[in-house]
Amino acid sequence: MQIIDSGPQYSSETKAQINMVYVTVLTLVATLGGLLFGYDTAVISGAEKSIQEYLIIPLGLSSLAHGATISSALIGSIIGGAISGYFSTKLGRKKSLMLAAFLFFISALGAAYPEFLFFKQGEHSMGVLLAFNFYRIIGGIGVGLASAVCPMYIGEIAPAEIRGRLVSLNQFAIIFGMLVVYFVNWGIASGQTVEWINEIGWRYMFLSLTIPSALFGILLFFVPETPRYLTFIKKDEEALQILTKINGQDRAKEIFAEIKGTVAEAKSEIFAFGKTVIVIGILLSVFQQFVGINVALYYAPRIFESMGVHKDASMLQTVVMGLVNVVFTVIAIFTVDKWGRKPLLIVGSIGMAIGMFAIAIFSYLHIIGIATLIFIILYTASFMMSWGPICWVLISEIFPNKIRGGAIAIAVAAQWAANYLISSTYPFMMEFSGAFTYGFYGVMSVLSLVFVWKWVPETKGKSLEQIEKFWKQ
């Protein structure tokens, strides 16, 4: 196991100087981007079958077209992740999040009414399908930006000793956003006919995203830019003021000196610190998706329906799953800075492997029942206490200051590409074999364990600058 040992841990006296109220408020505003990330990616779970009935079946399109449409936002997420480095470097972290909020808002309006301007409501045409996909891709770009820049923003403002906890709050916000939209979708569909949901209800599901999008955009006007980015653009006085407000005057001067040193020394080339840190970041992102979590999130109602559960009950069980996700994400928040990143990832990989292999066996034996639900919950709970939040924590902190924007962009783009590959191929894979599909995710869980054990360094309690020294060595 690699342990970063390039500086002292911080004392309880240092912790007492931290302005917890201020740093928590900044974190909560930034995590609204995470909430929108979760909301936008999960809203499709309630509308998925309606989209199939409204846009796919009338055009005589295949399950591959259905999977591509449901996953179209992921194309935008790949784009958003890839360009996040450019925008976070040129515009800054704060303005990049403002751009993401605007894209979320436009996407919500367009996906709810794709016929706007060019088509008649109720028209079932390829043009309407393409318009829907276009607006979902716009929202996906917002998701890609938010998924990269939100943890980056939090990681750059957070004191080292509580950074894991604060960045993990972003994952909590993602899961909470998913839980909220599960309730919203359930509330919209509850008591309504299938015909109404397929014609009108799905529009309300997408339209509901406008409210948190607008709130996020407004609140961002009241938060500062990160001190590390301000130092990068040579606004030293402003950076020191923010560091002082967060850490206290004495500690702020020490942190500022460390930041200035890394900004002055480091080269901006993406491989300036070697290829290893970039490869580890990419593999963290890819494994987070290849274990199959977003299949469970995007297709949750359909999975439960395939187990013989009624439509309303399947939506309710999806809500139950969302509650489990929230609880186990909270566990990660309270343990990541105590137990460390590596132990949580390893325990999570073990739990995911057990869950997926059990589901694969049940699928092969055509066993449908409460046991299947239990192992789905075991799998998702294991992910939410480990790979869900900890992957984002590590991505936000392992990259050196000078290359952070570009390196996170590469890692996040790889993550969304892997997400798209896994999510869009799920319907086709299930038509081939459910046992093979879930068995594949189980194998990926085992490989993720080996990867963490062999190559991922422990970063608990270290400043971003101390972690950077590790890569220099």
Side-chain angles (χ1 to χ4, degrees), residues 28 31-52 70 73 101 104-105 107-109 111-112 136 139 142-143 146-147 150 169-194 196-216 219 293-307 309-333 373 376-377 379-381 383-385 388-389 423:
L28 290 177
T31 57
L32 274 176
L35 184 143
L36 286 164
F37 166 180
Y39 200 111
D40 188 84
T41 53
V43 69
I44 198 71
S45 67
E48 177 252 327
K49 289 197 74 175
S50 297
I51 296 301
Q52 184 180 29
I70 297 306
F104 280 127
F105 189 83
S107 172
L109 293 176
R136 288 292 292 158
V143 169
S147 65
C150 286
L169 281 173
N170 188 61
Q171 175 67 16
F172 177 84
I174 294 170
I175 299 306
F176 186 72
M178 292 178 175
L179 179 61
V180 168
V181 80
Y182 288 154
F183 275 110
V184 169
N185 288 350
W186 182 36
I188 291 171
S190 181
Q192 301 293 341
T193 64
V194 172
W196 182 86
I197 296 170
N198 290 343
E199 187 68 29
I200 302 295
W202 63 271
R203 299 177 187 273
Y204 292 159
M205 295 177 187
F206 289 110
L207 193 62
S208 64
L209 181 61
T210 58
I211 297 172
S213 301
L215 179 63
F216 183 44
L219 289 177
I293 184 60
N294 282 310
V295 165
L297 298 178
Y298 296 152
Y299 294 96
R302 180 170 288 239
I303 290 172
F304 289 125
E305 283 189 48
S306 71
M307 293 164 54
V309 177
H310 184 264
K311 174 180 68 70
D312 289 340
S314 72
M315 295 290 281
L316 178 58
Q317 288 187 346
T318 304
V319 171
V320 171
M321 219 168 77
L323 288 169
V324 171
N325 294 346
V326 168
V327 169
F328 281 86
T329 302
V330 170
I331 290 174
I333 290 170
L373 176 61
I376 289 176
I377 290 175
Y379 165 80
T380 54
F383 179 89
M384 294 305 165
M385 65 162 285
S423 301

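Positions are given from 1, in the same order as the sequence printed here.
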Taken in chain and number order and not counting sequence neighbours, the residues that satisfy ring pair (Phe, Tyr, Trp, His ring centres under 6.0 Å) with F216 are none

Are the side chain of T31 and the backbone of L28 linked by a donor-acceptor contact shorter than 3.5 Å?
yes

Starting at CZ of F172, measure out to CG of L179 and round the result to the nearest 0.5 Å.
8.5 Å

So, for G34 and N170, which heavy atoms are closest and what is the spacing to 0.1 Å?
CA-OD1, 3.5 Å

How close do G33 and C150 get, counting heavy atoms only, and between which atoms?
CA-SG, 3.6 Å

What's the verdict on side-chain contact (heavy atoms from CB on, under 4.5 Å) for M384 and I293, showing C-alpha distance, side-chain angles and the deciding distance?
CA-CA 9 Å; M384 294 305 165; I293 184 60; 4.1 Å; yes

Could you check if a side-chain atom of I174 sits within less than 4.5 angstrom of a side-chain atom of L35, using non-hydrogen atoms only?
no

Provide the full list of salt bridge (Lys or Arg N to Asp or Glu O under 4.0 Å) pairs with a residue in residues 33-46, sequence neighbours left out, each pair given once.
D40-R136

Any side-chain heavy atom of P212 within less than 4.5 Å of one from L32?
no

Partner residues of F105 under the ring pair (Phe, Tyr, Trp, His ring centres under 6.0 Å) criterion, sequence neighbours left out:
none

Would you indicate whether the side-chain heavy atoms of M178 and N325 approach each other to under 4.5 Å?
no

Test of understanding: with side-chain contact (heavy atoms from CB on, under 4.5 Å), list the residues that count as partners of A47, not counting sequence neighbours.
I51, W202, M205, F206

Gap between atom CG of L323 and atom CD1 of I377 - 0.5 Å precision
10.0 Å

So, using ring pair (Phe, Tyr, Trp, His ring centres under 6.0 Å) as the criterion, who are the partners of F37 when residues are at least two apart?
W416

Under the 3.5 angstrom rule, does the side chain of Y204 hit a backbone N or O of A112 as a donor-acceptor pair?
no

Sequence-distant partners of V180, side-chain contact (heavy atoms from CB on, under 4.5 Å), two or more places apart:
Y39, F176, V184

Between the CD1 atom in I333 and the CD atom in Q171, the distance rounded to the nearest 0.5 Å is 9.0 Å

Give the minimum heavy-atom separation between F104 and S213, together with the two atoms involved.
CB-OG, 3.3 Å

